[in-house]
Amino acid sequence: MEDLKQTYPESLPYHRGGKIEVTPRTRLDDEHDLSLAYSPGVAVPCKEIQRDPNMAYDYTAKGNLVAVISNGTAILGLGDIGALAGKPVMEGKAVLFKKFADINAFDIEVDEKNPEKFVDIVRAIAPSFGGINLEDIKSPECFYVESKLKEILNIPIMHDDQHGTAIISASGIINGAKIANKPIESLKVVVLGAGGAAIACAKIAQSLGVKNIIMFDSKGAITTHRKDNINHFKKDFMVDYEINSYKEALDGADVILGLSRADILEAKDIEGMNENPMIFVMSNPIPEIDPKIVHEVRPDAIIATGRSDYPNQINNVLGFPYIFKGALKARAKCINEEMKLAAANALAELARKEIPKDLQIELQRIHGRKFEFGKEYIIPSPFDPRLKDFISNAVALAAIKSGVARVKSLED
């Protein structure tokens, strides 16, 4: 296992003192300012909000404030390291919100593993925020936590580990299918993994029109022939025939969605995949199969990973900042399927757009390669400044169209 402390010796100095701070937006220079910021002038907006709770979007930071909340039970590749040890990750997420979407975010680490109690804690603090980004909560508890909070609260809530990965992978499938000239409905998709992200990826693939999905968990393919107890989240993806190996499932497959662990695939497993296979191996830091092996065995493959040192990085930073930005623009009551699909389609569309010359030069400087729609560019660069408005506007319009927005248009 890689010693990350040796690989990144500058990491501890970078994080010293934390990565975020709070700064005031309004002037506070004299006695009059003080009387407005606090007592007695602050009573005026308080009464406005008491009269109409929606005024909180106008007179507080709520309309551009997201909570990044975790209990530390599934931190990156580190597992259940606890709420406090996970704080650097949550601070990092808050920094990404600010950097990429100019959204203010507070990280909140909740030392509670009981999902019912966790939900109640989040419910109690929810009035402060315009949206809640759930983060690094282990499966299957993450499904209950997200669904219960969506049921009882009227602000956008998303468990990014599930839906962020799903939305980016969906954009890759959309563009990969175009390049391979395959109807999405015809794709055979094999999902390696059955945690929160894997199930969300499989569900959004179904929303795109995929009908043939085979899912593997740590015990093998999820089929009706399995004798062990399979939770109801996995049961949605049961197939009624036996599958004895990855190779058997992948023969004649068009797509791999790898969301499991490092190096579980061999070269022979992918030899029988269909022409121009989409091999999205997203385990971090080491994917399910080395892309170098894929290139050797299947030079026709469209490859995506979770790593920044390969083309087509399936990176959540392409999704969550702009999904929440769009939800906040629309003052949405939730993040629904229409908004997620709008984000996926907009990401795919942006990757197909011609890149302006100045931006092309900048992206080449950052990534060391030219960007042109094709097998090595099916997903936008996270440093593409067009993402902010293009994706967030698509999400906001989907919120308005689907009836979950508090505004009637983006001009409101």
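Being a predicted model, the structure only gives us computed values, none of them experimental.
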Query - V189 vs L257, side chain to side chain contact (heavy atoms under 4.5 Å, CB included): CA-CA, chis, key distance, verdict - result: CA-CA 7 Å; V189 177; L257 296 177; 3.9 Å; yes
Report task. Apply side chain to side chain donor-acceptor pair (under 3.5 Å) to N315 and Q313, showing your working. Result -> CA-CA 6 Å; N315 188 335; Q313 184 187 17; 3.3 Å; yes
Requested in this report: Could you check F118 against V145 for side chain to side chain contact (heavy atoms under 4.5 Å, CB included), going step by step and ending with a plain yes or no?
Outcome: CA-CA 8 Å; F118 183 86; V145 167; 3.7 Å; yes
Query raised in the report: When you look at L328 and V66, which way does the side chain to side chain contact (heavy atoms under 4.5 Å, CB included) test go after all the steps?
Result: CA-CA 9 Å; L328 293 172; V66 168; 4.1 Å; yes
Requested in this report: Start with the C-alpha distance between L192 and F280, add both sets of side-chain angles, then the distance that settles side chain to side chain contact (heavy atoms under 4.5 Å, CB included), and finish with yes or no.
Outcome: CA-CA 10 Å; L192 307 179; F280 296 179; over 6 Å; no
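Among all heavy-atom pairs drawn from L259 and A198, the shortest one is CD1-CA, 3.7 Å.
Side chains of E116 and Y144 form a contact here, defined as non-hydrogen atoms less than 4.5 Å apart. Side-chain atoms of E288 and D269, non-hydrogen and from C-beta on, never get closer than 4.5 Å to each other. Residues Q50 and C46 are not in side-chain contact: their nearest non-hydrogen atoms beyond the backbone lie 4.5 Å or more apart. Considering only heavy atoms from C-beta on, L410 comes within 4.5 Å of I400 through its side chain. By the 4.5 Å heavy-atom criterion applied to side chains, K235 and N231 are not counted as neighbours. Counting heavy atoms from C-beta on, the side chains of I279 and I302 never come closer than 4.5 Å. In this structure the side chain of D389 never reaches within 4.5 angstrom of the side chain of K325, judged on heavy atoms. The side-chain heavy atoms of I289 and I264, taken from C-beta on, include no pair separated by under 4.5 Å.
Remark: side-chain polar atoms of R298 are paired, donor with acceptor, to backbone N or O of M273 under 3.5 angstrom. Side-chain N or O atoms of E135 include none that pairs as donor or acceptor with a backbone N or O of M90 at under 3.5 Å. Listed for the D300 side chain is a donor-acceptor partner under 3.5 Å among the backbone atoms of N276. A distance-only check finds a donor-acceptor pair linking the side chain of S171 to the backbone of I168 [under 3.5 Å]. Of the possible donor and acceptor atoms, none in the side chain of N71 sits under 3.5 Å from a partner among the backbone N and O of A83. Distance alone, capped at 3.5 Å, places no donor-acceptor pair between the N104 side chain and the F97 backbone. N133 contributes no side-chain N or O that, together with a main-chain N or O of I157, makes up a donor-acceptor pair within less than 3.5 Å. With hydrogens and angles ignored, the 3.5 Å screen pairs a side-chain donor or acceptor of K188 with a backbone N or O of A249.
Listed by first then second residue, pairs satisfying salt bridge (Lys or Arg N to Asp or Glu O under 4.0 Å) with a partner in residues 55-75 read D58-R331, not counting sequence neighbours. Residue pairs satisfying the salt bridge (Lys or Arg N to Asp or Glu O under 4.0 Å) criterion with at least one member in residues 158-183, sequence neighbours excluded, are listed as follows: K93-D160, K182-D254. Note on residues 35-46: no pairs pass side chain to side chain donor-acceptor pair (under 3.5 Å), not counting sequence neighbours. For residues 63-79, the set of pairs meeting the salt bridge (Lys or Arg N to Asp or Glu O under 4.0 Å) definition, not counting sequence neighbours, is empty. Annotation: salt bridge (Lys or Arg N to Asp or Glu O under 4.0 Å) contacts involving residues 26-37, sequence neighbours excluded, comprise R27-D33.
Taking the side-chain contact (heavy atoms from CB on, under 4.5 Å) definition, one finds that D120 meets it with R123, sequence neighbours left out. Residues forming a side chain to side chain donor-acceptor pair (under 3.5 Å) with E48 (at least two apart in sequence, or on another chain): R51. Scanning for salt bridge (Lys or Arg N to Asp or Glu O under 4.0 Å) contacts around D236 gives an empty result, with sequence neighbours left out. Residues passing the salt bridge (Lys or Arg N to Asp or Glu O under 4.0 Å) test with E141, sequence neighbours excluded: K138. Residues passing the side chain to side chain donor-acceptor pair (under 3.5 Å) test with T165, sequence neighbours excluded: N316. In this structure Y57 satisfies the side chain to side chain donor-acceptor pair (under 3.5 Å) test together with R406, sequence neighbours excluded.
The pair R226-D217 meets the salt-bridge criterion, with a side-chain N (NZ, NE, NH1 or NH2) lying under 4.0 Å from an Asp/Glu carboxylate O. Classification of K113 and D80 as a salt-bridged pair holds, one side-chain N sitting under 4.0 Å from a carboxylate O.
Rounded to the nearest 0.5 angstrom, I49 CD1 and N54 CG are separated by 10.5 Å. Atom NZ of residue K370 and atom CD1 of residue I361 lie 10.5 Å apart, to the nearest 0.5 angstrom. Atom CD1 of I293 sits about 11.0 Å away from atom CD1 of I303, to the nearest 0.5 Å. Between M215 atom CE and C201 atom SG the span is 8.5 Å, to the nearest 0.5 Å. Atom CG in L153 sits 10.5 Å away from atom NZ in K148 (nearest 0.5 Å). For the atom pair CZ of F100 and CZ of F320, the computed distance is 8.0 Å after rounding to the nearest 0.5 Å.
Counting non-hydrogen atoms of other residues, nucleotides and ligands closer than 6.0 Å to NZ of K375 gives a total above 12. No more than 12 heavy atoms of other residues, nucleotides or ligands shown are found within 6.0 angstrom of OH on Y14. Within a 6.0 Å radius of CD in E362, more than 12 heavy atoms belonging to other residues, nucleotides or ligands are found. A 6.0 Å sphere centred on CZ of R261 holds no more than 12 heavy atoms belonging to other residues, nucleotides or ligands. Counted within 6.0 Å of CG on L84, heavy atoms from surrounding residues, nucleotides or ligands total 12 or fewer; the atom is thus considered open. When the shell of 6.0 Å around CD of Q360 is examined, it contains more than 12 heavy atoms from other residues, nucleotides or ligands.
In this model, no donor atom of one side chain and acceptor atom of the other lie less than 3.5 Å apart for S70 and E109. A donor atom on one side chain and an acceptor atom on the other are found under 3.5 Å apart for K329 and S392. A donor-acceptor contact under 3.5 angstrom links the side chains of E146 and H163, judged on distance only. Side-chain contact, N114 with E112: no donor N or O sits under 3.5 Å from an acceptor N or O. Side-chain contact check for N336 and S402: at least one donor-acceptor pair (N or O, by modelled atom type) lies under 3.5 Å.
When I323, V395, I167 are each tested for a side-chain contact (heavy atoms from CB on, under 4.5 Å) with K340, only one passes: I167.
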Using residues 345-358 as the side-chain source, report each donor-acceptor pair under 3.5 Å to any protein atom, sequence neighbours left out, with the distance given to one decimal.
| from | atom 1 | to | atom 2 | distance (Å) |
| --- | --- | --- | --- | --- |
| N345 | ND2 | L341 | O | 3.0 |
| R352 | NH1 | N175 | OD1 | 2.8 |

